[in-house]
Amino acid sequence: MLEELLEDLNPAQREAVSAPVGPVLVLAGAGSGKTRVLTRRIAWLLASGERPSAILAITFTNKAAGEMAERVRRVVGERADGLWVFTFHAACARMLRLHPELGGLRPGWSIYDQDDARRLLERTIRRLDLDTKRFPPRAIAAELSLAKARLVDPERFTEVATGLYERQVATIYRAYQAALREANAADFDDLIGLVVGGLTERPELAEYWQRRFRHVLVDEFQDANPAQHELVRLLAREHQSVFAVGDVDQSIYGFRGADPEGVLAFEERFPGARVVTLEQNYRSTNAILELANAVIAQNRRRYAKHLFSELGAGEPALRYQASDERDEAQWVAAQLRRLVADGTPVDEIAVIFRTNAQSRPLEEALSEAGLPFRVVGGVRFYERREVRDLLAYLRLLENPDDDVALVRVLNVPRRGIGRGSEEALAAAARLRGRSMLRLLREEGVGVLGLTPRQERSLERFVALVDTLSDAASKLRPAELLDLVVAETGYLEYLNEDDPITVEGRLENIAELRASAEEFEDLASFLERAALISAVDEAMGAGGVTLLTAHAAKGLEFDVVAVVGLEEGVFPHARSLVEAEGVEEERRLFYVALTRARRALLLSSARRRSSWGEPLYNPTSRFLEELPTELVEDAAVGERLWDAPALVRVVTPTSPRTQRRHPWREGQRVFHARYGEGSIRAVIPRGIDEELVIAFEGAGERRFFASMVKLRALEG
DNA sequence: AGACAGCCAATTTTT
DNA sequence: TTGGCTGTCT
């Protein structure tokens with residue numbers, strides 16, 4: 001049984017998987033099978049008789065966590081039940097959900113994502129009478145995030161603050177943390193920080209978790225920040241069984257506090273650690289690996305490592321210098337079209353750029369070339385306004401102290417509660433030391449000194465929230481969501497607000513409902529909604545993938561085009577003035593190159609307009625670093641019309657445009673809340689339909705067919 | 001309270 | 001170029 005788990009592994013992979021229990025560091029080059037090693041190690045531990053619930057496997061993305069759980073399950077089946085395979089944030093959220101006191105939180109606490117955190121921070125800055133020009137919330141948020149990543153709390157921040165500016169930031173930090181606490185909320189960084197704090201200061205809880213997790217495994221270890229390193233250290237304190245897999249050469253999140261030095265310090269932190277290096281690559285041709293090796297060899301701070309593969313010599317990279325970004329995009333499109341005509345599937349192709357802003361000309365050129373494509377990481381699902389609005393309602397029901405959620409929904413849909421009312425409410429709440437909703441409930445609107453009209457609006461809002469609250473404990477999350485939509489008149493609001501976008505927004509709400517459907521309790525649904533970025537949601541549809549180098553990490557494609565190889569673009573201008581900046585950019589370029597299995601296209605533009613202004617950047621230094629014998633220059637002027645006609649183009653279709661149920665007038669239906677009724681009218685609304693249903697006792701109600709949960713009755 | 005026009009600023013970003 | 005915010009007008 002144990003031996004079986006090692007059969008198809010190479011010697012280095014075997015050594016890692018079967019290492020005796022204790023600290024193990026696996027330095028895994030790109031494409032060297034690190035996920036396979038990690039999942040096999042979990043299977044190995046289970047096969048050795050370890051309980052699943054004693055194992056905590058940590059990743060950075062939900063996608064990676066999902067894949068790992070899936071792969072473990074494939075190997076060990078139901079013996080994987082009870083295993084914790086989570087992101088750092090999800091693992092901490094789960095611990096805090098089980099033990100809110102670990103982080104000084106009360107049950108029902110909220111997770112604030114970047115947007116919520118930024119809003120709270122902005123309010124905090126204004127409240128301190130500081131200028132948001134001088135203290136831009138975005139920049140301050142980044143600074144505080146970095147501080148938290150380094151476990152610098154407000155007290156420590158104050159101690160090390162030099163100069164007036166830093167001292168004021170320290171004041172903001174302190175006030176912001178107080179505001180979070182009052183709202184019974186934790187931001188992303190706090191999820192880690194609060195658990196670390198709790199494990200440090202609460203021995204009885206620390207003991208529980210340290211006993212529970214006999215083994216901690218960490219993927220993408222080079223991306224862990226000091227707070228996360230400390231978390232791993234604390235969790236593994238009792239058993240010292242840490243299995244960390246990482247590649248310093250792929251550390252591309254230094255700007256967010258990731259600390260690849262932590263990889264290098266692993267052996268000090270965990271004495272007696274075994275270190276295994278995986279250098280055999282199972283992904284790319286040797287030409288691609290030699291290009292990547294040559295680039296990364298220019299970096300100083302790294303463990304020397306030389307990737308090789310048995311997948312043949314391969315073809316040199318094709319390089320093209322375009323006149324401008326449009327020319328560049330057209331060249332890429334022409335090349336891709338040729339490759340597709342020759343049989344490369346479109347979803348085995350990626351175009352990688354440094355910044356999202358570069359995608360537009362590529363989208364245009366691919367459209368013109370008739371190639372289907374998808375852009376990864378535009379506006380993300382959970383960042384869409386309608387999704388956030390509805391989640392805010394749900395959050396408020398779970399956590400009445402969540403002022404950020406309250407402010408978000410206070411006047412959405414518009415109900416006559418304007419800035420004046422909001423400010424009066426915020427001030428009064430602050431003065432009386434309670435949250436806004438609590439103040440309204442406990443003291444009424446009378447204490448705010450508002451006009452009768454404003455008071456009435458606020459009272460109506462409180463009545464609405466109370467109605468929803470009463471239902472909250474009785475309904476499943478998806479049903480509660482329906483109720484929120486119905487009671488607030490949210491669909492009508494969307495339609496009035498912007499009829500053009502309403503169709504897409506309805507789809508989003510339907511999708512939110514579908515994901516709510518998977519949950520039995522509100523807290524877990526909200527936790528998931530806050531922690532998932534739904535990057536995965538873009539995956540699946542066929543087409544050329546357009547994405548940033550950051551988003552490309554962990555993915556692989558037959559063909560990769562890396563565009564915009566100019567000084568100031570890639571490497572990014574900002575990196576040129578930062579210490580270690582260019583080295584991180586070089587790692588990013590290395591990540592981009594190593595995504596390719598068979599072929600690489602590299603391009604640059606002599607002229608590129610950015611924000612309307614033309615820029616003339618020299619070609620990227622990274623291009624100069626490539627071995628000349630592995631780079632071939634493309635013929636100048638090769639264009640779309642030189643490429644062969646397409647054999648076939650796969651056009652993505654949206655599965656959600658299909659109707660779920662053919663509702664018809666006169667149909668008898670059952671609704672969980674309103675009971676039995678009959679359909680009075682079916683009105684087409686874009687891709688959706690609006691149903692007018694007359695209920696016995698509940699009167700006439702309107703729903704969108706894609707969202708309402710109805711059971712068809714006979715007759 | 002809400003609509004609108006002008007102004008400024010602008011990486012990457014798993015969570 | 002876009003989007004987000006501020007201040008003014010209705």
Side-chain angles (χ1 to χ4, degrees), chain A residues 58-66 86-93 111-118 122 126 132-133 136-139 141-142 145-146 148-149 186-192 219-220 222-225 227-228 250-258 325 352-358 360-361 376-377 379-380 382-383 411 414-422 451 453-454 457 497 527-536 547-555 564 568-578 581 584-585 587-589 591-592 608-614:
Chain A
I58 305 176
T59 62
F60 277 83
T61 66
N62 293 298
K63 190 158 158 273
F86 285 137
T87 63
F88 267 107
H89 294 85
C92 289
I111 296 175
Y112 279 7
D113 69 10
Q114 241 169 47
D115 182 74
D116 301 314
R118 219 214 66 243
E122 181 164 353
R126 287 178 198 279
T132 50
K133 287 260 157 47
R138 260 177 70 107
S145 177
L146 224 45
K148 291 184 181 186
D187 66 20
F188 281 163
D189 300 298
D190 280 350
L191 292 176
I192 316 292
D219 191 16
E220 304 280 12
Q222 76 283 349
D223 290 335
N225 62 36
Q228 289 161 334
Q250 293 187 67
S251 166
I252 55 175
Y253 286 102
F255 70 98
R256 278 165 57 134
E325 68 263 40
I352 298 179
F353 34 78
R354 177 65 239 267
T355 66
N356 280 122
Q358 290 168 256
R360 190 144 317 161
V376 173
V379 185
R380 293 210 287 274
Y382 283 98
E383 286 168 15
N411 200 32
R414 260 165 233 124
R415 49 173 76 90
I417 303 176
R419 237 183 59 177
S421 306
E422 184 196 315
T451 66
R453 189 195 167 96
Q454 289 175 313
S457 298
D497 190 65
E527 177 181 310
R528 155 104 167 190
L531 293 177
I532 208 164
S533 71
V535 174
D536 348 319
L547 75 183
T548 64
H550 284 91
K553 190 161 78 152
L555 305 177
V569 177
F570 204 168
H572 195 277
R574 184 108 170 215
S575 75
L576 303 177
V577 295
E578 278 170 5
E584 180 151 314
E585 294 287 306
R587 292 192 291 267
L588 193 54
F589 184 52
V591 166
R608 177 178 299 278
S609 35
S610 102
W611 301 316
E613 293 292 298

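Each chain gets a letter, A, B and so on, in the order the sequences are listed, and its residues count up from 1.
- Distances from the side chain of A:Arg138 to the nucleotides C:dT6, B:dT15, B:dT13 place B:dT13 closest.
- As rounded to whole Å, 15 Å separates atom C1' of B:dT15 from atom CG of A:Asp219.
- With hydrogens and angles ignored, a donor-acceptor pair under 3.5 angstrom links the side chain of A:Gln114 to the base of B:dT15.
- Note: CG (A:Asp113) to C1' (B:dT14) measures 14 Å, nearest angstrom.
- Distance, A:Lys553 NZ to B:dT15 P: 12 Å, rounded to whole Å.
- In this structure, the side chain of A:Glu220 does not engage the main chain of A:Thr59 through any donor-acceptor pair within 3.5 Å.
- Rounding to whole angstrom units, CG of residue A:Asp115 and C1' of C:dG3 are separated by 14 Å.
- Residue A:Gly554 is classed as having no contact, given no heavy-atom separation below 4.0 Å to the nucleic acid.
- Look at A:Asn225 and you won't find any side-chain N or O under 4.0 angstrom from OP1 or OP2 of B:dT15.
- Distances shown here put a side-chain N or O of A:Gln454 below 4.0 Å from the OP1 or OP2 atom of B:dA1.
- For the pair A:Ile58 CD1 and B:dT14 P, the computed distance is 19 Å after rounding to whole Å.
- When heavy atoms are screened at a 4.0 angstrom cut-off, A:Ser610 is found touching no nucleic acid atom at all.
- Atom CD1 of A:Ile58 is separated from atom OG1 of A:Thr87 by 9.0 Å, given to the nearest 0.5 angstrom.
- Counting any heavy atom pair closer than 4.0 Å across all strands shown, A:Asn411 reaches sugar-phosphate atoms only and no base atom.
- OP1 or OP2 of C:dC5 has at least one side-chain nitrogen or oxygen of A:Arg118 nearer than 4.0 Å.
- The residue A:Arg453 sits apart from the nucleic acid: no heavy atom pair falls under 4.0 Å.
- Contacts of A:Phe88 with the nucleic acid, taken as non-hydrogen atoms under 4.0 Å apart, are absent.
- With no hydrogens or angles considered, no side-chain donor-acceptor pair links A:Gln454 and A:Ser457 at under 3.5 Å.
- No salt bridge links A:Arg360 with A:Glu325; every basic N to acidic carboxylate O contact stays at or beyond 4.0 Å.
- The distance from atom CG of A:Asn62 to atom C1' of B:dT13 is 14 Å, rounded to the nearest whole Å.
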- prompt: Given A:Glu584 and A:Arg587, is the salt bridge (charged side-chain N to carboxylate O under 4.0 Å, His left out) satisfied, shown in steps?
  reply: CA-CA 5 Å; A:Glu584 180 151 314; A:Arg587 292 192 291 267; 3.4 Å; yes
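- Residue contacts shown for A:Arg126 are limited to sugar-phosphate atoms, with no base heavy atom under 4.0 Å away.
- A donor-acceptor contact shorter than 3.5 Å is absent between the side chain of A:His89 and the backbone of A:Leu531.
- Spacing between atom CG of A:Leu588 and atom C1' of B:dT14 amounts to 13 Å, rounded to whole angstrom units.
- Checking the phosphate oxygens (OP1, OP2) of C:dT1, no side-chain nitrogen or oxygen of A:Ser609 falls inside 4.0 Å.
- Across the protein-nucleic acid pair, A:Ile417 atom CD1 and B:dA1 atom C1' stand 12 Å apart, rounded to whole Å.
- Both A:Thr87 and A:Ile252 lie near DNA chain B, and the one whose nearest nucleotide falls closer to the 5' end is A:Ile252.
- Nucleic acid contact class of A:Glu585 (heavy atoms, under 4.0 Å, all strands): base.
- If you find the closest nucleotide of DNA chain C to A:Arg419 and to A:Arg360, the one lying nearer the 5' end belongs to A:Arg360.
- Ring centroid separation for the pair A:His550 and A:Phe255 comes in under the 6.0 Å cut-off.
- With its glycosidic angle within 90° of 0, B:dT11 is assigned syn.
- Checked against C:dC5, B:dT11, B:dT14, the side chain of A:Glu122 finds its nearest nucleotide in C:dC5.
- With DNA chain B read from its 5' end, the first of the two nearest nucleotides for A:Arg415 and A:His550 is the one closest to A:Arg415.
- Residue-level contact check: A:Arg414 touches the backbone only, with heavy atoms under 4.0 Å from sugar-phosphate atoms and none from bases.
- Stacking is found between A:His572 and the pyrimidine-like six-membered ring of the B:dT11 base under the 5.5 Å centre-distance and 30° plane-angle cut-offs.
- Stacking between A:Tyr253 and B:dT12 is absent: the ring centroid is not both under 5.5 Å from the six-membered base ring centre and under 30° in plane angle.
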